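Keep in mind that this is a model prediction, so the values were computed, not measured. Basis for what follows: all heavy atoms, side chains included, without hydrogens, waters or symmetry-related copies.
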Amino acid sequence: ALRDDGTVRPAYSPVALRETLDDEVDAVLVESGLGDGSLETVLDDLRAHEADCQVAVLDSGAGRCQLGADAPVDAVVAWDEDAVRETVSELVARARY
């Protein structure tokens with residue numbers, strides 16, 4: 001759904017996610033089920049990589065995404081094409097600001 005709006009770099013594991021990050025990445029959309037570990041571990045690892053990008057979590061379970069109040073995430077978005085596009089667009093604008 002996002003390919004029409006810009007460059008998309010799919011990653012299907014936390015390792016692949018780290019490998020796709022560089023200075024050109026404005027926003028990262030992480031599915032809540034990515035990786036073998038916990039979502040917060042993936043997010044902490046992403047922030048430890050010091051990627052200068054906005055991070056959103058795609059909650060594919062109708063609100064079942066459980067993140068602590070201090071989770072390193074800029075947005076949580078439900079699995080809805082319009083909501084995803086809108087959220088990613090807002091995050092990209094924030095990243096460029």
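- Minimum interatomic distance between Cys53 and Ala27 (heavy atoms only, all atoms of both residues): CB-N, 4.1 Å.
- Inter-residue side-chain proximity for Val76 and Leu58 is flagged as unmet; no heavy-atom pair is nearer than 4.5 Å.
- Judged as a salt bridge (charged side-chain N to carboxylate O under 4.0 Å, His left out), the pairs with a partner in residues 11-25 (not counting sequence neighbours) are, in order, Arg9-Asp22, Arg9-Glu24, Arg18-Asp45.
- The backbone N or O of Val84 sits nowhere less than 3.5 Å from a side-chain atom of Thr87 that would complete a donor-acceptor pair.
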Identify all side-chain donor-acceptor contacts of residues 88-97 below 3.5 Å with residues at least two apart in sequence or on another chain.
residue	atom	partner	partner atom	Å
Arg94	NE	Gln54	OE1	3.4
Arg96	NE	Asp26	OD2	3.1
Arg96	NH2	Asp26	OD2	3.2

**Q.** Derivation of the side chain to side chain contact (heavy atoms under 4.5 Å, CB included) call for Leu2 and Leu29
**A.** CA-CA 11 Å; Leu2 296 171; Leu29 183 61; 4.2 Å; yes
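- Val30 is listed as a side-chain neighbour of Val28, based on a closest heavy-atom distance under 4.5 Å.
- Among all heavy-atom pairs drawn from Ala16 and Ala11, the shortest one is C-CB, 3.6 Å.
- Considering only heavy atoms from C-beta on, Thr20 stays 4.5 Å or farther from Val25 through its side chain.
- Take Asp5 and apply the salt bridge (Lys or Arg N to Asp or Glu O under 4.0 Å) test, not counting sequence neighbours, and it matches Arg85.
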